[in-house]
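See structure below.
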Amino acid sequence: MQPLRKWQSDCLKQAKVHFSNHSDFFVQATPASGKTRLAAEIARWLLEEGHIDFVICFAPTREVVAGIQRTFAAVLDQRFGDTLASVGAAYTYQSMEHQSPDFWTLFTAYRTLTIFDEIHHCAGHDPLLSNTWGQQIIQRIQNAATYTLALSGTPWRSDKLPIVLARYTDPEGQLICDYRYDLQTAIQDGVCRSPRITLIDNPQIQLVEENENTASVRAFSSFKQLLGESPISYEDLLRHDDILNAVLDVGIDRLNEVRKTVPNAGGLVVATNVKHAYQIAELLKAKNESCTVATSQTPRAHQLIDQYRHNNTRWIVAVSMISEGTDIQRLCVCTYLSRIRTELHYRQVLGRILRKIGAADNEAWLYVIAEPLLRKYSQRIADDLPDDQATLQTKKLNERLEKARLDHANGCSESPEAVRDSHPPLIEDNDASEPTSVEPPLLTLSFSQYYRQYLLTLI
């Protein structure tokens with residue numbers, strides 16, 4: 001086993017002191033910093049000191065549960081899993097609803113450390129203001145477990161409900177953590193890769209709208225303007241081949257660069273749904289990129305993810321299968337093409353590419369369409385970074401854009417009719433009496449690339 005990181009050692013020391021007077025310990029640690037290893041070390045100490053008999057863990061997905069079982073078995077040097085003679089076991093939150101009465105007696109008949117990974121999934125301070133998982137914890141575990149350890153990399157909820165087992169300041173409502181380890185410190189300590197987030201925008205967009213015998217052409221200078229002043233939705237952009245190709249191309253270029261020094265480096269594409277995932281996979285295959293698709297409908301999806309963890313396939317396209325807690329260290333490039341636009345989900349996805357392989361493995365790359373909410377979340381992440389790495393910079397890939405400008409200057413711009421004939425409609429109106437088609441952008445995307453003052457050396 002690798003020696004503990006400094007933050008893990010510090011947190012372990014604090015937990016030992018805390019558990020001498022309190023039964024609940026809440027840790028916020030940035031994604032990819034090593035929360036599972038910390039939890040296993042706390043469990044080992046409690047077991048060696050004779051304070052507990054069993055360790056019970058809960059996590060949001062089967063993939064995370066499998067990772068917990070691997071880590072705990074290695075750290076405790078004992079069986080850990082749902083097998084006979086195990087010192088503990090890990091379960092999904094979903095399984096709580098299906099456990100037998102005998103299972104719940106473990107918390108009253110024995111001394112247990114109960115660990116909740118990504119506790120923000122469990123909402124509520126009382127049964128009336130809780131989700132299903134939160135209710136189970138309040139009713140069956142909170143006052144029965146000898147000790148509880150709550151872990152989260154993103155300790156808030158999109159619905160603003162309080163997190164179970166958490167404490168908040170009054171009246172401000174700020175979360176009180178017993179130990180906090182943020183992204184800025186993790187980067188300074190060399191624990192996590194430093195993220196380079198690239199916002200992809202298009203400065204010249206045309207939208208052709210037809211109404212019976214007439215056609216109108218509108219111009220937009222950004223995705224923000226397009227989304228705010230037209231019927232086009234963000235999901236329309238995500239499904240448009242021109243935009244998908246632009247985002248994937250820049251991701252492929254980056255992965256090629258990274259693979260010069262890390263030969264098995266991998267890329268993650270976060271898709272919107274199953275159909276979208278296979279659309280993206282076809283585009284990748286057309287570019288001769290090897291890829292694996294993992295969705296809830298993919299047979300043996302968890303085995304495929306585990307195979308990808310160790311093989312040399314370049315890309316994995318996933319829908320809700322590789323999110324928080326999934327440990328694939330070779331992932332260092334991500335294209336975010338999900339329709340989900342919450343800061344919680346966005347930061348969780350970013351966390352999938354922050355795990356370091358070695359001391360020289362310092363950078364991760366995230367590519368995202370410049371949709372206003374995602375841009376805002378990106379800026380907040382920049383605010384979390386060390387000051388010398390948080391300067392916003394812009395980088396444009398101008399080759400095709402300059403060609404389009406030259407064509408226009410030479411009188412070669414296409415008419416609205418030619419544009420309509422050469423590009424498939426982006427959306428279609430289902431009202432047959434007023435058919436409406438919307439053309440895809442005439443120009444490819446230009447890229448606004450930012451973070452870090454030293455990116456100037458890359459431009």
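For H302, there are no ring pair (Phe, Tyr, Trp, His ring centres under 6.0 Å) partners, not counting sequence neighbours.
Under the 3.5 Å distance criterion, the side-chain polar atoms of K224 are left unmatched by any main-chain donor or acceptor of E371. In this structure, the side chain of T61 engages the main chain of V64 through a donor-acceptor pair within 3.5 Å. When atom types are taken as modelled, the side chain of Q69 and the backbone of G81 share no donor-acceptor pair closer than 3.5 angstrom. In this structure, Y93 contributes its side chain and T132 its backbone to no donor-acceptor pair below 3.5 Å. In this structure, S230 contributes its side chain and L226 its backbone to a donor-acceptor pair below 3.5 Å. S338 contributes a side-chain N or O that, together with a main-chain N or O of I340, makes up a donor-acceptor pair within less than 3.5 Å. Judged purely by atom type and a 3.5 angstrom limit, H51 has no side-chain atom pairing as donor or acceptor with the backbone of R111. Side chain of T105 to main chain of D102: a donor-acceptor pair is present (N/O by atom type, distance under 3.5 Å, no hydrogens or angles). Not one N or O on the side chain of S152 forms a donor-acceptor pair closer than 3.5 Å with the backbone of E118.
Using a 4.0 Å cut-off between charged side-chain N and carboxylate O, D189 and R5 make no salt bridge. The pair E63-R309 meets the salt-bridge criterion, since a charged nitrogen lies less than 4.0 angstrom from a carboxylate oxygen. At a threshold of 4.0 Å, the pair R44-E41 counts as salt-bridged, since one of the basic side-chain nitrogens sits closer than that to a carboxylate oxygen. Using a 4.0 Å cut-off between charged side-chain N and carboxylate O, E289 and R314 make a salt bridge. Between E343 and R347 there is a salt bridge, with a side-chain nitrogen of the basic residue lying less than 4.0 Å from a carboxylate oxygen of the acidic one. Using a cutoff of 4.0 Å between basic side-chain nitrogens and carboxylate oxygens, R352 and D327 are not scored as salt-bridged.
D178 and D24 get closest at one heavy-atom pair: OD2-O, 3.8 Å. The minimum heavy-atom distance between L199 and S378, with the atom names listed, is CD2-OG, 3.9 Å. Listed here is the closest heavy atom pair of I163 and F26: CG2-CE1, 4.5 Å. Across every non-hydrogen atom of A364 and I353, the tightest pair is CB-O, 3.0 Å. When all heavy atoms of L337 and I369 are compared, the closest pair comes out as CD2-CD1, 4.4 Å. Nearest approach of N312 to P263, heavy atoms of both residues: OD1-O, 3.6 Å.
The local environment of NZ in K287 is crowded, with over 12 non-hydrogen atoms from other residues, nucleotides or ligands closer than 6.0 Å. In Q303, the CD atom is crowded: over 12 heavy atoms of neighbouring residues, nucleotides or ligands sit closer than 6.0 Å. When the shell of 6.0 Å around NZ of K275 is examined, it contains 12 or fewer heavy atoms from other residues, nucleotides or ligands. Within a 6.0 Å sphere centred on CG of D77, heavy atoms belonging to other residues, nucleotides or ligands number 12 at most. Atom CZ of R62 sits in a sparse spot, with 12 or fewer heavy atoms from other residues, nucleotides or ligands closer than 6.0 Å. For Y110, the OH atom counts as loosely surrounded, since its 6.0 Å shell holds 12 or fewer non-hydrogen atoms of other residues, nucleotides or ligands.
Between Q28 and Y179, every side-chain heavy-atom pair lies at or beyond the 4.5 Å cut-off. When side chains are defined from C-beta on, D53 does not count as touching L106, because their heavy atoms never get closer than 4.5 Å. Taking the side chain as every heavy atom from C-beta outward, I328 and I305 approach each other to under 4.5 Å. Looking at V270 and Q348, their side chains never come closer than 4.5 Å, going by heavy atoms from C-beta outward. When side chains are defined from C-beta on, F80 counts as touching C57, because their heavy atoms get closer than 4.5 Å. For the pair L47/I52, a side-chain contact is recorded, criterion being any heavy-atom separation below 4.5 Å from C-beta on. The closest side-chain heavy-atom distance from F72 to T36 is below 4.5 Å. Using a 4.5 Å cut-off on side-chain heavy atoms (C-beta onward), T295 and T298 make contact.
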Open item on the list: Run E235 and R339 through salt bridge (Lys or Arg N to Asp or Glu O under 4.0 Å) and show every step you take.
Closed with: CA-CA 6 Å; E235 194 164 345; R339 66 184 171 192; 3.4 Å; yes
TODO: Apply the test side chain to side chain donor-acceptor pair (under 3.5 Å) to residues D182 and T185: give CA-CA distance (whole Å), side-chain angles for both, the deciding distance (0.1 Å), then the verdict.
DONE: CA-CA 6 Å; D182 60 26; T185 308; 2.6 Å; yes
Open item on the list: Between Y346 and Y336, is the ring pair (Phe, Tyr, Trp, His ring centres under 6.0 Å) condition met? List the steps.
Closed with: CA-CA 8 Å; Y346 189 55; Y336 188 87; 5.3 Å; yes
Open item on the list: Assess the residue pair T30 and S33 against the criterion (side chain to side chain donor-acceptor pair (under 3.5 Å)); give the C-alpha distance rounded to whole Å, side-chain angles, the decisive distance to 0.1 Å, and a yes or no.
Closed with: CA-CA 6 Å; T30 190; S33 59; 5.9 Å; no
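In this structure, R330 is positioned above the aromatic face of Y308, its NZ or CZ under 6.0 Å from the six-membered ring centre and within 45° of the axis.
By the 30° and 60° cut-offs, the orientation of the rings of F58 relative to F103 is perpendicular. The aromatic rings of W7 and Y181 sit parallel to each other, their planes meeting at less than 30°, with 60° as the upper class boundary.
Rounded to the nearest 0.5 Å, atoms NE2 (H18) and OH (Y147) are 10.5 Å apart. The CD atom of E363 sits 11.0 Å away from atom CD1 of I187, with the distance rounded to the nearest 0.5 Å.
Between D10 and the choices Q8, K6, K13, Q14, the side-chain hydrogen bond (donor to acceptor under 3.5 Å, both in side chains) rule is met once, by K6.
For the 3.5 Å distance criterion, the side chains of S233 and D236 qualify, holding a donor opposite an acceptor.
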